[in-house]
Amino acid sequence: MRPGGGFLGSYAEFAFRGGNIEEMIVRDINEPDRGLSARIIPPEPLQLIATRWKAADANWFFDFSESAEKTIAFLEASSLYRARGVKFDGAIALSPQVIEDLLALTGPVPIPGQNLILDSKNFLDVIQSEVQEAQNEKESKPKQILGKAAPLIVEKLVHLDAEAKRRIGDLARQWIAKRHLMIYAEDAALQSFFEYYGLAGTVAQIPRETPSDYLAVVNANIGGGKTDRVVKQNIRLESVITAEGAVHNRLAVSRAHAPRKGDAWWYRVPNQNYMKVFAPLSSKLTSFSGGAEKKITPRVSYKANGYEPDPLVAAVEATAERYEAYPAVQGFTESGKKVFAAWSLVKPEGKAELVFEYTHTLPEPLRAGER
């Protein structure tokens with residue numbers, strides 16, 4: 001998991017002409033990253049695993065448009081594209097759920113040259129297993145299975161009957177509602193269109209004069225293998241609204257690491273999660289418990305080695321505040337929201353619970369009898 005959805009391990013570049021797909025190339029994200037010479041300081045939590053900020057870790061912002069814009073900037077700065085003057089018009093994010101739903105419509109897809117058949121039930125486990133084993137054996141293209149599978153799935157989709165294609169439209173509405181599908185466009189007018197119809201994955205901005213609350217619990221797996229697959233998370237929010245218009249929230253997030261019998265090792269390592277809680281901008285932390293304190297020391301001296309800060313990351317980190325009574329949590333401002341962030345470390349078969357208590361004030365006091 002990453003704030004914009006998931007870790008960007010693979011991507012496909014599409015070229016369209018006349019509304020048709022003219023070219024599709026599936027790549028490992030490491031291909032453009034190897035051709036990236038820029039030295040950009042990563043967001044502080046990512047410094048635990050990365051020296052430089054690259055496209056692989058660009059899905060860092062909860063607002064998908066910001067993550068997509070940053071990813072495109074890294075790709076275009078890579079020698080893989082820069083030498084040819086390649087520019088990207090936008091980005092489409094798909095979660096594994098989308099592929100699984102499409103495979104349920106197309107039926108199983110055999111992979112040529114391999115004793116593998118992808119279907120809606122095994123897609124994610126097979127892909128992760130194939131990629132991990134290829135990486136362990138240090139193959140030059142560990143994600144070639146995706147390159148083989150993608151055109152086969154597209155070909156099957158093209159030849160679906162009318163009823164199955166109608167079903168895709170129904171599924172698309174579910175994907176959009178649950179953020180399994182998000183779209184970003186470099187063109188401002190087109191991006192505005194996507195935002196209007198809820199496709200852009202932007203953070204909701206509620207008018208300040210509207211009495212309201214807001215909550216988003218956002219996770220980032222940093223050095224925790226692929227354990228999100230087997231971590232069960234429960235969120236409980238209790239709110240008390242006073243007659244004066246103050247909202248007292250108690251948010252409890254419990255996480256249980258429950259690997260399945262026979263699971264591969266990458267599901268059985270400790271889950272190392274950086275959690276960001278987005279709340280109304282006026283929120284004040286009143287209590288916190290359960291987080292793990294973690295001191296992050298950069299692997300290099302950024303100043304001495306000519307690294308540059310990213311403007312958006314620097315703007316967010318400039319708002320950071322520490323809480324003397326609660327050293328395991330940090331506060332800052334992002335996407336027009338107050339964010340409380342803390343680490344959650346859960347070993348296999350273990351559990352952890354983080355409890356945030358915070359207060360914010362509604363724009364106007366509530367009158368007796370008003371709801």
Side-chain angles (χ1 to χ4, degrees), residues 1-15 23-93 131-132 134-144 146-147 150 182 184-187 191 220-224 272 274 296-318 320 334:
M1 292 298 297
R2 288 294 169 86
F7 177 75
L8 299 177
S10 306
Y11 70 102
E13 54 183 78
F14 286 85
E23 185 181 40
M24 178 179 67
I25 302 174
V26 178
R27 297 188 187 275
D28 185 324
I29 196 66
N30 289 311
E31 289 185 63
D33 277 351
R34 281 192 288 267
L36 188 66
S37 59
R39 295 186 172 188
I40 306 298
I41 302 173
E44 185 180 6
L46 287 174
Q47 293 173 23
L48 185 71
I49 59 172
T51 300
R52 289 195 297 147
W53 201 20
K54 303 178 183 179
D57 291 313
N59 202 18
W60 182 247
F61 303 104
F62 180 45
D63 189 311
F64 174 70
S65 64
E66 294 178 344
S67 285
E69 186 176 19
K70 183 55 59 180
T71 302
I72 288 174
F74 278 133
L75 293 179
E76 292 179 347
S78 168
S79 60
L80 180 65
Y81 298 111
R82 189 181 67 249
R84 294 178 287 140
V86 173
K87 298 294 182 181
F88 291 92
D89 294 317
I92 301 173
V131 170
Q132 193 67 50
Q135 289 175 336
N136 291 344
E137 295 174 8
K138 301 187 184 302
E139 293 185 11
S140 60
K141 295 184 178 181
K143 297 171 184 176
Q144 60 181 337
L146 289 169
M182 296 181 287
Y184 166 76
E186 292 276 87
D187 180 82
Q191 176 66 8
N221 180 333
I222 302 178
Q272 191 160 252
Y274 181 70
I296 298 176
T297 303
R299 300 182 178 190
V300 299
S301 171
Y302 290 127
K303 186 175 182 179
N305 288 277
Y307 281 71
E308 297 181 359
D310 175 81
L312 183 54
V313 172
V316 170
E317 293 182 349
E334 181 181 331

message = Looking at N305, is its backbone amide N or carbonyl O close enough to the side chain of R39 to form a donor-acceptor pair, meaning the two atoms are under 3.5 Å apart?
response = yes
inquiry  = side-chain contact (heavy atoms from CB on, under 4.5 Å) for F14 and I25? Distances and angles first, verdict last.
reply    = CA-CA 7 Å; F14 286 85; I25 302 174; over 6 Å; no
remark   = Residues L75 and A55: closest non-hydrogen pair is CD2-CB, 4.2 Å
inquiry  = Run Q272 and L48 through side-chain contact (heavy atoms from CB on, under 4.5 Å) and show every step you take.
reply    = CA-CA 11 Å; Q272 191 160 252; L48 185 71; 3.3 Å; yes
query = Does the side chain of E308 come under 3.5 Å of the side chain of Y302 through a donor N or O and an acceptor N or O?
reply = no
ask   = Taking all atoms of both residues into account, what is the closest heavy-atom pair of F64 and G4, and its distance?
value = CD1-O, 4.3 Å
note = Distance col, row S78:OG vs I29:CD1, nearest 0.5 angstrom, shows 9.5 Å
inquiry  = Quick check for you: to the nearest 0.5 Å, what is the distance between S10 atom OG and N30 atom CG?
reply    = 9.0 Å
Closest non-hydrogen atom pair between A150 and V26, with its separation = CB-CG2, 3.8 Å
note = Heavy-atom nearest pair, N59 first then G5, reads ND2-N, 3.6 Å
query = Do D63 and E334 come close enough that some side-chain heavy atom pair is under 4.5 Å?
reply = no
request  = Please determine, by modelled atom types, if Y184 and E186 share a side-chain donor-acceptor pair under 3.5 angstrom.
outcome  = yes
Approximate separation, where rounding is to 0.5 Å, of I41 CD1 and T51 OG1 = 12.0 Å
query = Does Y81 reach the side chain of K87, with side-chain heavy atoms less than 4.5 Å apart?
reply = no
inquiry  = Please give me the minimum heavy-atom distance between M24 and A12, naming the atom from each residue.
reply    = CG-CB, 4.5 Å
inquiry  = I need the F61 CZ to T71 OG1 distance, nearest 0.5 Å.
reply    = 9.5 Å
D187 atom CG: more than 12 heavy-atom contacts under 6.0 Å = yes
query = Is there a side-chain contact between L46 and W53, using heavy atoms and a 4.5 Å cut-off?
reply = yes
key: Note, D28 side chain near Q144 side chain (heavy atom, < 4.5 Å)   = no
request  = Starting at OH of Y11, measure out to CZ of F88 and round the result to the nearest 0.5 Å.
outcome  = 6.0 Å
ask   = Are any side-chain N or O atoms of R52 and backbone N or O atoms of A38, one a donor and one an acceptor, separated by less than 3.5 Å?
value = yes
ask   = Would L36 and F74 count as a side-chain contact (heavy atoms from CB on, under 4.5 Å) if you check the C-alpha gap in whole Å, the side-chain angles of each, and the deciding distance to 0.1 Å?
value = CA-CA 7 Å; L36 188 66; F74 278 133; 3.6 Å; yes
Nearest-0.5 Å distance, CD1 of residue I296 to CD of residue Q47 = 7.0 Å
task = Please tell me if the side chains of R2 and L8 come closer than 4.5 Å, counting only heavy atoms from C-beta onward.
result = no
key: Residue pair E66, L312: steps toward the side-chain contact (heavy atoms from CB on, under 4.5 Å) verdict   = CA-CA 9 Å; E66 294 178 344; L312 183 54; 3.9 Å; yes
ask   = Is any NZ, NE, NH1 or NH2 atom of the basic residue among K70 and D310 found under 4.0 Å from an Asp or Glu carboxylate oxygen of the other?
value = yes
inquiry  = I need the minimum non-hydrogen distance between W60 and S67, along with the two atoms involved.
reply    = N-OG, 3.4 Å
query = Is there side-chain contact between I40 and Y307, with heavy atoms separated by less than 4.5 Å?
reply = no
request  = Check whether any side-chain heavy atom of Q191 sits under 4.5 Å from a side-chain heavy atom of S65, and report yes or no.
outcome  = yes
query = Less than 4.0 Å between a side-chain N and a carboxylate O, is that true for R82 and E76?
reply = no
